[in-house]
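First the structure, in the form of structure tokens, and then the observations on it.
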Amino acid sequence: MGPLRDEDRVLLIARTLQGAGQPGIVGTVQLNCDMPPNQAHRAEITKLLVHPAHRRRGLARKLMLEMEAHARKLGRHLITLDTTTGSAAESLYLSLGYVRLGAIPGYARDPHEDRLDPATILYKQL
């Protein structure tokens with residue numbers, strides 16, 4: 001994993017190795033650092049994705065820990081994010097030390113069904 005970065009966003013990509021089947025991207029996480037001047041100490045995780053065939057192997061945890069390390073290097077010491085309430089991702093974030101603030105009903109459209117799901121808002125102080 002290595003970061004791609006511009007002034008406002010860091011992108012980590014996890015790929016399979018050559019010789020491990022089809023090489024390709026199997027996971028990614030993004031950190032948005034484009035904050036107002038009075039919030040330059042924080043950043044937001046905007047997307048964590050792991051290919052279904054590569055889940056339950058610790059890849060999401062590794063991506064998040066690596067991204068937290070990048071956030072620290074950038075002088076960010078507060079991370080915020082949102083995720084679907086009750087999801088496996090919510091459990092992952094809680095296990096990484098993120099604190100649940102609450103849930104917003106009807107926050108995001110489900111990608112597979114015609115419904116709006118609640119989102120849990122979380123944060124972590126680094």
Original post:
With R61, which residues qualify under salt bridge (Lys or Arg N to Asp or Glu O under 4.0 Å), at least two apart?
Top reply: none
Pairwise distance [atom1]([X]) to [atom2]([Y]) - rounded to 0.5 angstrom:
X	Y	atom1	atom2	result
I13	L49	CD1	CG	11.0 Å
M67	L48	CE	CG	9.0 Å
L63	L92	CG	CG	10.0 Å
K47	N32	NZ	CG	13.0 Å
L96	K124	CG	NZ	5.5 Å
I121	L101	CD1	CG	7.5 Å

Would you mind reporting whether [Y] and [X] have side-chain heavy atoms less than 4.5 Å apart?
X	Y	answer
L94	L122	yes
I45	M64	yes
L126	R76	no
H51	I25	no
T85	Y107	no

**OP:** Report yes or no: do V99 and L65 belong to one cluster of Ile/Leu/Val/Met/Phe/Trp/Tyr joined by side chain heavy-atom distances under 4.5 Å?
**Re:** no
Original post:
Mind checking whether L78 and L74 sit in one hydrophobic cluster, side chains of I, L, V, M, F, W, Y counted as touching below 4.5 Å?
Top reply: no
**OP:** Could you give me the CA-CA distance, side-chain angles and deciding distance for E44 and M35, then say whether side-chain contact (heavy atoms from CB on, under 4.5 Å) is met?
**Re:** CA-CA 9 Å; E44 180 181 13; M35 299 293 148; 4.0 Å; yes
Subject >> Donor-acceptor contact present, side-chain T80 to main-chain Y123, <3.5 Å >> reply: no
**OP:** Only one of L59, T28, V26, V29 passes side chain to side chain contact (heavy atoms under 4.5 Å, CB included) with V50; say which it is.
**Re:** L59
Original post:
Which pair of non-hydrogen atoms, one from A71 and one from I79, has the smallest distance, and what is that distance?
Top reply: CB-CD1, 3.7 Å
**OP:** Could you tell me whether D114 atom CG has more than 12 heavy atoms of other residues or ligands within 6.0 Å of it?
**Re:** no
Original post:
In terms of side-chain heavy atoms, does T83 have a donor or acceptor partner in T120 at a distance below 3.5 Å?
Top reply: no
